[in-house]
Amino acid sequence: MQNYDLIIRNGQIVTKDSIFQGEIAVKDGKIVEVSTNTISGNTKEEIDANGLHIMPGVIDTHVHFNEPGRDHWEGLETGSRSLAAGGATAFFDMPLNSTPPVINKETLEAKSKLGEEKAIVNPYYWGGLVPQNINDLKDLHENGVIGFKAFMSPSGIEDFDNADDETLYKGMTEIASFGSILAVHAESTVICAQLQEEKIQAGKTSARDFVESRPIISEIEAVRRVISYAEATGCKLHVVHASSKKVTDLINDAKKRGVDASVETCAHYLSLTVKDLEEKGGLAKCAPPLRDQEEVDGLWDALANDEIDIIASDHSPAPKEMKTVTDNYFEGWGGISGAQSTLNVLLTEGYHKRNFPLEKIVQVTATNPAKRFGLEGKGALETGYDADIILVDLNETFELQEENLFYRHQHSPYVGKTFKGNVKTTIVNGKTVFHHGEIINS
């Protein structure tokens with residue numbers, strides 16, 4: 001008779017292709033059996049998933065946990081706990097806003113050491129592309145970064161310079177030489193800087209003025225430019241946090257021409273609008289900014305047509321005093337605290353309101369991220385894969401409160417929102433790390 005560490009029984013198993021009643025057996029952190037029949041054998045632990053859906057854990061490809069150096073904004077412990085509570089079993093931490101940022105082997109080693117000590121879900125790390133570190137890119141790649149991140153406009157962080165056109169081209173040439181990928185924050189420096197200056201000089205500093213200073217055409221200009229560099233260099237490209245279907249259309253047109261490109265949007269662009277920015281102030285400030293409802297609807301249309309590859313959180317937290325905005329929306333840190341709510345948004349706004357299939361939610365949160373970034377054994381509920389599993393109650397309705405958040409700073413533009421669909425249990429590499437609202441300490 002087989003011996004297992006865990007058997008999950010009587011759940012609805014969700015894959016990228018189908019949903020079926022079944023059971024999953026786990027041993028040594030791996031899925032060893034997925035069956036539509038009763039799994040027989042001895043097991044150390046058994047979970048009855050009756051009434052629940054069993055899904056692969058979310059892989060959040062875009063978070064800023066800011067450690068070392070700015071862990072008073074957010075840290076690897078609190079950030080990873082938040083992810084676990086939201087059904088994520090892996091994350092890709094950005095090279096900033098850590099200080100120093102991850103731009104060479106030494107800074108990567110410092111962050112990795114902290115991740116091993118503090119993260120309760122699987123950590124991966126982006127390396128940075130800045131004008132000063134092109135000669136460090138290969139070393140970063142050989143030491144395990146998931147890919148590279150560049151800002152085409154100022155990052156807002158003094159020790160992480162944006163990449164000018166020459167840096168982008170040379171960096172992409174180097175990254176292509178060893179087969180890695182470049183992720184870009186794509187906004188035009190010229191367009192945004194000039195419009196911001198005009199607004200401020202005219203005394204126009206409202207939420208709408210801030211949004212108008214970072215228009216969709218700024219994203220479009222930058223994406224067109226970086227696509228041309230990808231075509232010229234052969235570098236794999238990933239455009240992060242696209243705020244409009246007009247932007248995702250460019251990436252999909254490039255794919256048809258043979259460019260190896262992908263595009264990500266975020267839960268806040270699928271659920272929040274300029275109205276939320278006006279009502280919630282700095283808590284809803286981000287860059288690119290929130291758009292109008294028609295852009296939200298356009299992104300859902302793109303998702304329905306498989307024109308968006310990945311959904312991430314772009315969790316970019318800061319202390320509350322840095323998020324306070326009064327009359328001038330050009331002041332205050334721009335970043336959404338949302339890592340804990342990505343799946344809640346997709347279930348509420350997608351599955352329940354728009355009939356967006358659960359299978360597609362699995363694709364954009366787990367299967368596609370694992371495939372795009374080469375995470376073997378991740379992103380699916382299949383024999384031989386890592387046991388990164390979540391149990392979800394699709395029908396549980398709750399209003400998010402600050403005390404529900406595991407962030408270092410318990411604030412978010414989602415506080416006060418009513419969600420339908422909630423994570424009950426999160427299992428990482430076969431170990432339960434979150435269960436019924438509580439972090440489980442191993």
Using the side-chain contact (heavy atoms from CB on, under 4.5 Å) rule, take Arg70 and His72 through it: C-alpha gap first, then chi angles, then the decisive distance, then the call. CA-CA 5 Å; Arg70 288 190 178 90; His72 59 292; 4.2 Å; yes

Who pairs with Thr173 by side chain to side chain contact (heavy atoms under 4.5 Å, CB included), at least two apart in sequence or on another chain?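 Result, side chain to side chain contact (heavy atoms under 4.5 Å, CB included) vs Thr173: Tyr169, Thr233.
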
Applying salt bridge (charged side-chain N to carboxylate O under 4.0 Å, His left out), run through Glu231 and Arg257 and close with a yes or a no. CA-CA 9 Å; Glu231 290 186 274; Arg257 298 197 304 273; 3.1 Å; yes

Does the structure place the NZ or CZ of Lys378 under 6.0 Å from the centre of the six-membered ring of Tyr385, at an angle of no more than 45° from the ring's axis?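 So Lys378 doesn't make the cation-pi contact.
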
[X] and [Y]: side-chain donor and acceptor closer than 3.5 Å?
X	Y	value
Ser313	Asp60	yes
Gln194	Gln196	no
Glu264	His238	yes
Asn122	Asn429	yes
His315	Glu74	yes

Nearest 0.5 Å, please: how far is [atom2] in [Y] from [atom1] in [X]?
X	Y	atom1	atom2	answer
Lys424	Ile390	NZ	CD1	13.0 Å
Lys420	Thr397	NZ	OG1	5.5 Å
Gln410	Lys320	CD	NZ	9.5 Å
Asp159	Thr99	CG	OG1	4.0 Å
Thr273	Glu294	OG1	CD	11.5 Å
Leu405	Thr78	CG	OG1	11.5 Å

Looking only at non-hydrogen atoms, find the nearest pair between Ser412 and Leu283 and report the distance.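 Minimum heavy-atom contact is O-CD1, 4.3 Å.
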
Would you tabulate the side-chain donor-acceptor contacts of residues 180-193 under 3.5 Å, counting partners in other chains and residues two or more places apart, or write 'none'?
residue : atom : partner : partner atom : Å
His185  : ND1  : His241  : NE2          : 3.0
His185  : NE2  : Glu187  : OE1          : 2.7
Glu187  : OE1  : Arg214  : NE           : 3.4
Glu187  : OE1  : Arg214  : NH2          : 2.9
Glu187  : OE2  : Arg214  : NE           : 3.1
Ser188  : OG   : Val190  : N            : 3.4
Ser188  : OG   : Ile191  : N            : 3.1
Thr189  : OG1  : Met152  : O            : 3.0

Taking the ring of [Y] and the ring of [X], is the distance between their centroids below 6.0 Å?
X	Y	value
Tyr124	Phe91	no
Phe92	Phe373	yes
Tyr414	His268	no

Can any side-chain N or O of [X] pair as donor or acceptor with the backbone N or O of [Y] at less than 3.5 Å?
X	Y	value
Ser213	Leu195	no
Gln363	Lys16	yes
Lys371	Glu376	no
Lys323	Lys285	yes
Lys170	Ile134	no

Answer yes or no: is there an ion pair linking [X] with [Y], defined by an N-O contact shorter than 4.0 Å?
X	Y	result
Lys113	Glu109	no
Lys199	Glu212	yes
Lys245	Asp249	yes
Asp165	Arg225	yes
Glu142	Lys105	no

Could you give me the CA-CA distance, side-chain angles and deciding distance for Ile146 and Tyr125, then say whether side-chain contact (heavy atoms from CB on, under 4.5 Å) is met? CA-CA 6 Å; Ile146 203 75; Tyr125 306 101; over 6 Å; no

Report the relative orientation of the aromatic rings in His62 and His64; use parallel for angles under 30°, tilted for 30 to 60°, perpendicular for over 60°.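 Tilted, since the angle between the ring planes falls between 30° and 60°.
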
Under 30°, 30 to 60°, or over 60°: which ring-plane class applies to His141 and Phe178, parallel, tilted or perpendicular?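 Judged by the thresholds at 30° and 60°, the geometry between His141 and Phe178 is parallel.
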
Can you pull out every side-chain hydrogen bond (donor to acceptor under 3.5 Å, both in side chains) where at least one residue sits in residues 127-138? Sequence neighbours excluded, please.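 Qualifying pairs: Gln132-Asp161.
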
Below 4.5 Å, heavy atoms only, C-beta onward: do [X] and [Y] meet side chain to side chain?
X	Y	result
Pro317	Asn66	yes
Val362	Pro56	yes
Thr265	Ile310	no
Leu391	Ile8	yes

Evaluate the criterion salt bridge (charged side-chain N to carboxylate O under 4.0 Å, His left out) for residue pair Asp253 and Arg224; output intermediate values, then yes/no. CA-CA 11 Å; Asp253 288 343; Arg224 283 175 174 161; over 6 Å; no

Kindly indicate, with the supporting measurements, whether the criterion salt bridge (charged side-chain N to carboxylate O under 4.0 Å, His left out) is fulfilled by Arg291 and Glu219. CA-CA 13 Å; Arg291 305 297 185 189; Glu219 292 182 72; 2.9 Å; yes

I'd like to know whether CD of Glu158 has more than 12 heavy-atom contacts from other residues, nucleotides or ligands below 6.0 angstrom.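 Counting other residues, nucleotides and ligands, CD of Glu158 stays at 12 neighbours or fewer.
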
From Val296, Leu272, Val211, residue fulfilling side chain to side chain contact (heavy atoms under 4.5 Å, CB included) relative to Leu290: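 Testing Leu290 for a side chain to side chain contact (heavy atoms under 4.5 Å, CB included) against Val296, Leu272, Val211 leaves exactly one candidate, Leu272.
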
Go through it in stages, so that I can follow the logic: the residues are Glu67 and Lys111, the test is side-chain contact (heavy atoms from CB on, under 4.5 Å), and I'd like the CA-CA distance, side-chain angles, deciding distance and then a yes or no. CA-CA 7 Å; Glu67 194 172 4; Lys111 174 167 280 196; 5.7 Å; no

When the side chains of residues 339-347 are checked against the rest of the protein, which donor-acceptor pairs come out under 3.5 Å, sequence neighbours left out?
residue : atom : partner : partner atom : Å
Gln340  : OE1  : Phe406  : N            : 3.0
Gln340  : NE2  : Asn404  : O            : 3.0
Asn344  : ND2  : Gly421  : O            : 3.0

Restricting to salt bridge (Lys or Arg N to Asp or Glu O under 4.0 Å), what partner residues turn up for Lys30, sequence neighbours left out?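 Per chain and number, Lys30 pairs via salt bridge (Lys or Arg N to Asp or Glu O under 4.0 Å) with Asp386.
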
Validation: residues 297-307 side-chain donor-acceptor distances under 3.5 Å, sequence neighbours left out:
residue : atom : partner : partner atom : Å
Asp297  : OD1  : Gln293  : NE2          : 3.0
Asp297  : OD1  : Arg354  : NH2          : 3.4
Trp300  : NE1  : Leu270  : O            : 2.9
Asn305  : ND2  : Asp301  : O            : 3.1
Asp306  : OD1  : Lys360  : NZ           : 3.4

Test side-chain contact (heavy atoms from CB on, under 4.5 Å) applied to Asp209 and Tyr329, step by step: CA-CA 8 Å; Asp209 292 318; Tyr329 273 77; over 6 Å; no

